[in-house]
Protein chains: 2
Amino acid sequence: MNKRMATPGRAKISDVAKLAGVSPATVSRVLSRPGLVAEATRLAVMNAVSATGYRMNHAARNLRKQRTGSVVALVPNLGNPFFAKILEGMGRELARGGYDLLVADTLEGEGRHRTLERFLDPSRADGIILLDGLVPHADLDQRDDLPPIVTACEWIEGASLPRVMLDNREGGRLAVAHLRELGHGRIGIIGGPSQNVLHQARLAGAEAAAEGAQLVSFPGDFTLASGQAAADLWTAMPDATRPSAVFAFSDEMACAFMARLHQRGISVPRDVSVIGFDDIELASHLTPALTTIRQPKRDLGRAAAGIIIDRIAGREIAEVTLLVPRLMLRDSTAAPAGPAGGTDRA
Amino acid sequence: MNKRMATPGRAKISDVAKLAGVSPATVSRVLSRPGLVAEATRLAVMNAVSATGYRMNHAARNLRKQRTGSVVALVPNLGNPFFAKILEGMGRELARGGYDLLVADTLEGEGRHRTLERFLDPSRADGIILLDGLVPHADLDQRDDLPPIVTACEWIEGASLPRVMLDNREGGRLAVAHLRELGHGRIGIIGGPSQNVLHQARLAGAEAAAEGAQLVSFPGDFTLASGQAAADLWTAMPDATRPSAVFAFSDEMACAFMARLHQRGISVPRDVSVIGFDDIELASHLTPALTTIRQPKRDLGRAAAGIIIDRIAGREIAEVTLLVPRLMLRDSTAAPAGPAGGTDRA
DNA sequence: AAAATCGTTGTAATCGATTTCAGTCCAGTG
DNA sequence: CACTGGACTGAAATCGATTACAACGATTTT
């Protein structure tokens, strides 16, 4: 029953103004700073607004105010469940700050560079949260024609952009220290691409904690497929060199690794211990429940959001924000079966 | 070494025009319809463009052209890995059509209604793909001030909006038919919220295929937690009424169900068969590999994208697009252990 | 030789909201 | 009574790109 503009388009601010018998300026004021307007006028305008079903035109407002009211998060791959909770935390925090969160996929490889260029634009977003470390170094930190940027989770080596991330090194250290404590002396690592910053940091931590233990590398790229492949490699190794425990740099790889081993009749953790990284929601619902290094994902998202908000507002911010990882002890790790009658030695 | 606007802002079209010695109109033409401009002029303009580092202002363009060049997908929960592949297919198809895909989370519950209202706006998106069925019926299909909308996966009962979705009824039928064929006579159903459209359709299919078999309902809401809870209920049932097979309406519930049973020493599929729904990427990497009903997720995304593109272009479109489900036979289902010495009866 | 046409370019209006600046009106003050 | 100041409102400029329209020279047509 509303008396809306039956016309093709929608009511604009001047229509509302006309109906209320005031100027467009006044309508604008009622909508953005009601305090400036006399009570009676305000009511008249409000009535006109609802009578016309008026809704602001974003393009016009953005053009005039030179801001968009939204922050864009660029992720390398929406398919990765790992990002889900991060984005959730981010969205909530941004909402509190009055921003909308929009997520775009950089579609790894292919159009990556192009997608990035398209969104790195102050006329599209007030700020950018970059969760993809594989962007061409570019001079992202020097160009003056970009909106504020913060990198989260991954980061870009060499660029001086603010970063929010897990202490990945410490995470790697925790995992290997745990396996060492259980008594494992030969530890497999299913890592990421070798130039990946997360890979490097976690590996550094792992090496630091290895001490006497030997680390054996399996190729990986964080995907299920590579976890499965690692399982085949592991199975094919001679007993002498085969690690008694494996540290996968993502829960997905750990999951696929375990599943493949199970298919081949190998039992986790009896025959081999497995520890993952991330603590995705599913990790505790796997068989066996996966021991892993937890990233506080919601906090990470929240932190990144907080920082981008501050940067947009021109406030000073921390260059690096490190969150602390935590070992989630579950059922996929155990002491190694003695190499030849092990347990009695204890 | 680029000679960029050193000034606070960026070069605008008039700066480029000045440098190239032409009018802004010509620059605009070079950028959008180069064919209209003489070769020499075109080159001069291109040079000026790269010399100034000019980049178009989206807000201005959107305002003038009355379009945004992007499509917004509204999902109820970014955390659900199920959406990942759908969004991926969607993004690619939209890119081919010249649109950007932006994803926003409706943040189930809380701000849902508000988020929706914010994005349902032609000045924000040229089209909306709604993956959340729980929006207030609203008169979404009748209002003339909204951009084109298509619902995908879920849909809104009663509204006459175009829909793209799996044939959920058929999916339910396939699952139960499979279990029947294996010889299960009492089948548990871990469903969704009872008013959920997916739940209803799948249940209808399940019932249609049940024939003599008895269906036993467990409460569920598609989450891991509810799958786990169902496992506890199942375990607590007396042998006489306990189903020998369970059909979960999501892979996540199936996964949590299996993991919990495993913890309690119950073996799948020996003691109970489990079938899921969705075929998320992880499904084949679970232990045991999960038998499930596959949704062609990428196709679904692609189809939804295609339809919104057509709607935006004003072309006629199909009101309902049904994709066909497929049974993915893996290791979590098997014939029931004979109620009392079963197998010999065959 | 005049007229019509084509290719190319510039002028200026336009999209819709915000905001500066300059009033107008009225109450309070000296 | 003239003046200051405050509360409120409107006129008009502005954000930056697009595009309808007009204009111009050069060529082709009649």
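Reminder, nothing fancy here: chain letters follow the sequence lines and each chain counts from 1.
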**Q.** Axial bend angle, the helix from dA1(C)-dT30(D) to dG30(C)-dC1(D): five-pair end segments, nearest 10°
**A.** 60°
Q) Between dA20(D), dA11(D), dA17(D), which nucleotide gets closest to the side-chain atoms of Arg64(B)? A) dA17(D)
Q.
OP1 or OP2 of dG16(C) versus the side-chain N and O atoms of Gln66(B): is any pair under 4.0 Å?
A. yes
Q. Of all the choices, dT18(C), dC15(D), dG10(D), which nucleotide is nearest to the side chain of Leu63(A) once you look at every atom?
A. dC15(D)
Q) Around Met56(A), counting heavy atoms of other residues, nucleotides and ligands shown, do more than 12 lie under 6.0 Å from its CE? A) yes
Q. Do the side-chain N or O atoms of Tyr54(B) get closer than 4.0 angstrom to the phosphate oxygens (OP1, OP2) of dA17(D)?
A. yes
(Q) By nearest atom, which of the nucleotides dT18(C), dC8(D), dT9(C) is closest to the Ile13(A) side chain? (A) dT18(C)
Q: Please tell me which of the listed nucleotides, dC15(C), dT9(C), dG16(D), lies nearest to the side chain of Thr26(B)?
A: dT9(C)
Q.
Under a 3.5 Å distance rule, please check whether Arg10(A) uses its side chain to pair with a backbone N or O of Arg55(A) as donor and acceptor.
A. yes
Q: In whole angstrom, give the distance that lies between atom CZ of Arg55(B) and atom C1' of dA17(D).
A: 16 Å
Q.
Can you identify which nucleotide, out of dT18(C), dA17(D), dG16(C), has its nearest atom closest to the Ala60(A) side chain?
A. dG16(C)
**Q.** Sugar-phosphate, base or nothing in reach of Val37(B), heavy atoms under 4.0 Å
**A.** sugar-phosphate
Q. Would you call Lys12(B)-Asp15(B) a salt bridge at under 4.0 Å N-O?
A. no
Q. Among the nucleotides dT18(C), dG16(C), dA11(D), which one has an atom lying closest to any side-chain atom of Ser23(A)?
A. dA11(D)
Q.
Can you tell me which nucleotide in dG10(C), dT19(C), dT9(C) comes closest to the side chain of Ala38(B)?
A. dT9(C)
Q: Scan Ala25(A) against the nucleic acid and name what it touches under 4.0 Å (heavy atoms): base, sugar-phosphate only, or nothing.
A: base
Q: Kindly point out which of dC8(D), dG10(D), dT8(C) is positioned nearest to the side chain of Thr41(B)?
A: dT8(C)
